[in-house]
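Every chain is numbered from 1, with letters handed out A, B, ... down the list of sequences. Reckoned from all heavy atoms, side chains included, excluding hydrogens, waters and symmetry mates.
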Number of protein chains: 2
Amino acid sequence: MRSEIDPSGQPGNGESTSTEPERSLIEKVRRAQIIEAAIDVIAVRGFAKASMAQIAERAGVSKGVISYHFAGKNELIERTVEQIYDRLGTFVASRLAAEGETGTAAWLRIYIGSLAEHMADHRTQLIALGEIFTQFRTENGELRYGIASSESLFAHLEEVFRAGQQRGELRAFDVRVMAVSLQAAIDDMFAYWSVHPDHDLAAHARELTDLFWHATRAEGRADS
Amino acid sequence: MRSEIDPSGQPGNGESTSTEPERSLIEKVRRAQIIEAAIDVIAVRGFAKASMAQIAERAGVSKGVISYHFAGKNELIERTVEQIYDRLGTFVASRLAAEGETGTAAWLRIYIGSLAEHMADHRTQLIALGEIFTQFRTENGELRYGIASSESLFAHLEEVFRAGQQRGELRAFDVRVMAVSLQAAIDDMFAYWSVHPDHDLAAHARELTDLFWHATRAEGRADS
DNA sequence: TAAATTTTTGGCCATGCGGTCAGAAATTGA
DNA sequence: TCAATTTCTGACCGCATGGCCAAAAATTTA
């Protein structure tokens, strides 16, 4: 998986700037139903085998219905990511907001922990998201949700680290490398859990918090 | 990218146990030529668009030639990975062997550093490998070179960490989580460099060494 | 109720894929 | 030199895909 979320709580710089198109009830229900089917099929059969026909069958409608309610497969996938993504982001942001400003150690614990907690309760979504992030490509062949699109996430993590450094709480290190590595470790925590369902995700999250606290804290500091 | 290499220098548990089939000169030349074309096409156009037709065109032969010299696309891809992989493994193993036993700090530096050094000189191969590792699937839909196939690599890293812990050099931590996280951070170092060619790979490798040394070392120890 | 509109169906299309094959071309060996 | 063998070509196959559309069905509006 790649590019979790921007936990800053911003409304998201997505395409939803101008007025949302009005949707009839049927429209909304069908779109939700198709997205749910897409998540299931992608999680179970893998992104590559999640054809329009498969998704339509799962949703119990004919293939044309998807084309009627979505501009195409790309839009369906992007709306699917958007939905999962938004819920996760809301959850993490609320957890972080509930804590106030209590330093980097607490921030790491809550950030990593809340991501893990939410995903533990939404395994199917996590697996679908992992499939999409690693396989969904734009027409020119680039990963649609690849490292290149994680820039705003990296920037946010960098800011957290830089603030900790300025407070004297963290040692000197390259914040970009730390941000990329933290994200990588989180991504692979989920990827590992995807493959090993019995793996203890919460414990992994706690270990990861320790790992990055030791990696970032200033010399001579005790654990928090 | 996933599943770098087993740096233990073992001959590799691959399929090459029994006697290698004899190959004519033409056979060897053609296979090398086709593998090279495959690397180029995969690196430039992406794995998804690297069809037999594309690879054949790049190699300057007709499509049938590939089928003549390889059992199918799967064999071509696997031989391609094998080639890149073997060279990288040889390089890293020799660097590690040249150092002898000098503790975990040195091991981390040489392991991460030699991977980065070799890949810096073989960017096209690295990108092709990244494409293959993240997209090449078995017939049942699993990633051919995914986390599930990294078990032996994780086991090896765990052993390095466990040895350091027993020597009192490293603090207590979950070696599996540390192994998965180190591999993730290395993978993403390469992935980041794939997307940002001007990124300083050697400096990133040094930062990563620092990161994991701080994350793993026993309390009260100075940097080495 | 009747017309207008929205929604759904299921078949059809062009495209690109990996793989196969008969026969041509090139190479080898006697 | 000339047959045997290896290597190569380019057309062709079956298959699955995403998307399209005319017509049927369902729903809303007048």
Side-chain angles (χ1 to χ4, degrees), chain A residues 20-39 41-42 44-81 131-132 135-141 144, chain B residues 20-39 41-42 44-81 131-132 135-141 144:
Chain A
E20 295 274 327
E22 299 177 29
R23 306 212 183 276
S24 71
L25 179 63
I26 284 183
E27 180 93 29
K28 280 190 257 183
V29 169
R30 275 276 179 272
R31 285 172 68 101
Q33 173 188 8
I34 291 167
I35 286 175
E36 194 177 337
I39 291 172
V41 172
I42 291 170
V44 171
R45 310 241 318 157
F47 182 82
K49 296 192 173 177
S51 63
M52 303 280 264
Q54 288 281 329
I55 295 169
E57 186 186 347
R58 178 70 169 226
V61 297
S62 79
K63 211 173 44 150
V65 177
I66 300 181
S67 294
Y68 181 75
H69 290 289
F70 294 91
K73 196 185 186 184
N74 284 4
E75 201 217 337
L76 169 59
I77 302 298
E78 292 187 356
R79 292 296 84 75
T80 301
V81 169
E131 290 282 321
I132 294 170
Q135 292 180 76
F136 184 37
R137 311 226 150 204
T138 61
E139 275 134 30
N140 65 50
R144 172 68 178 79
Chain B
E20 295 274 326
E22 300 177 29
R23 303 211 185 280
S24 70
L25 179 63
I26 284 183
E27 180 94 28
K28 281 190 257 183
V29 169
R30 274 278 178 271
R31 285 172 67 101
Q33 173 189 8
I34 292 166
I35 286 176
E36 194 177 337
I39 292 172
V41 172
I42 291 170
V44 171
R45 309 242 316 157
F47 182 83
K49 296 193 173 177
S51 64
M52 302 280 264
Q54 288 282 330
I55 294 168
E57 187 186 348
R58 177 69 170 227
V61 298
S62 79
K63 209 173 46 149
V65 175
I66 300 182
S67 295
Y68 181 75
H69 290 289
F70 294 90
K73 195 184 187 184
N74 283 4
E75 202 218 336
L76 169 58
I77 301 299
E78 292 187 357
R79 291 297 83 78
T80 300
V81 169
E131 290 283 319
I132 295 170
Q135 292 181 76
F136 184 37
R137 312 225 151 204
T138 60
E139 275 133 32
N140 64 51
R144 172 68 177 81

Pairs touching residues 58-68 of chain B that satisfy salt bridge (Lys or Arg N to Asp or Glu O under 4.0 Å), sequence neighbours left out: B:D40-B:R58

Rounded distance in Å - CZ (A:R30) to C1' (C:dT9): 12 Å

Any residue meeting salt bridge (Lys or Arg N to Asp or Glu O under 4.0 Å) with B:R45, in chain and number order, not counting sequence neighbours: none

Residues in side-chain contact (heavy atoms from CB on, under 4.5 Å) contact with A:Q33, at least two apart in sequence or another chain: A:R30, A:A59, A:V61

A:H69 vs C:dT6: side-chain N/O to OP1/OP2 distance below 4.0 Å: no

Residues which pass side chain to side chain donor-acceptor pair (under 3.5 Å) with A:S62, listed by chain and number, not counting sequence neighbours: none

Length of the line joining A:I34:CD1 and D:dG18:C1', which is rounded to integer Å: 15 Å

Any residue of residues 50-66 of chain B with a heavy atom less than 4.0 Å from an atom of DNA chain D: B:V61, B:S62, B:G64, B:V65

Whole angstrom value for the distance that separates C1' of C:dT7 from CD of A:Q33: 13 Å

Under-4.0 Å side-chain N/O to phosphate OP1/OP2 contact, A:Y68 with C:dT8: no

A:K49 NZ - D:dC15 P separation (whole Å): 16 Å

Pairing residues for A:F136 by the ring-ring contact (aromatic ring centres under 6.0 Å, His included) criterion, not counting sequence neighbours: A:F47

List, with names and distances, any nitrogen or oxygen atoms from the protein found under 3.5 Å away from nitrogen or oxygen atoms belonging to nucleotides 27-29 of chain C.
none

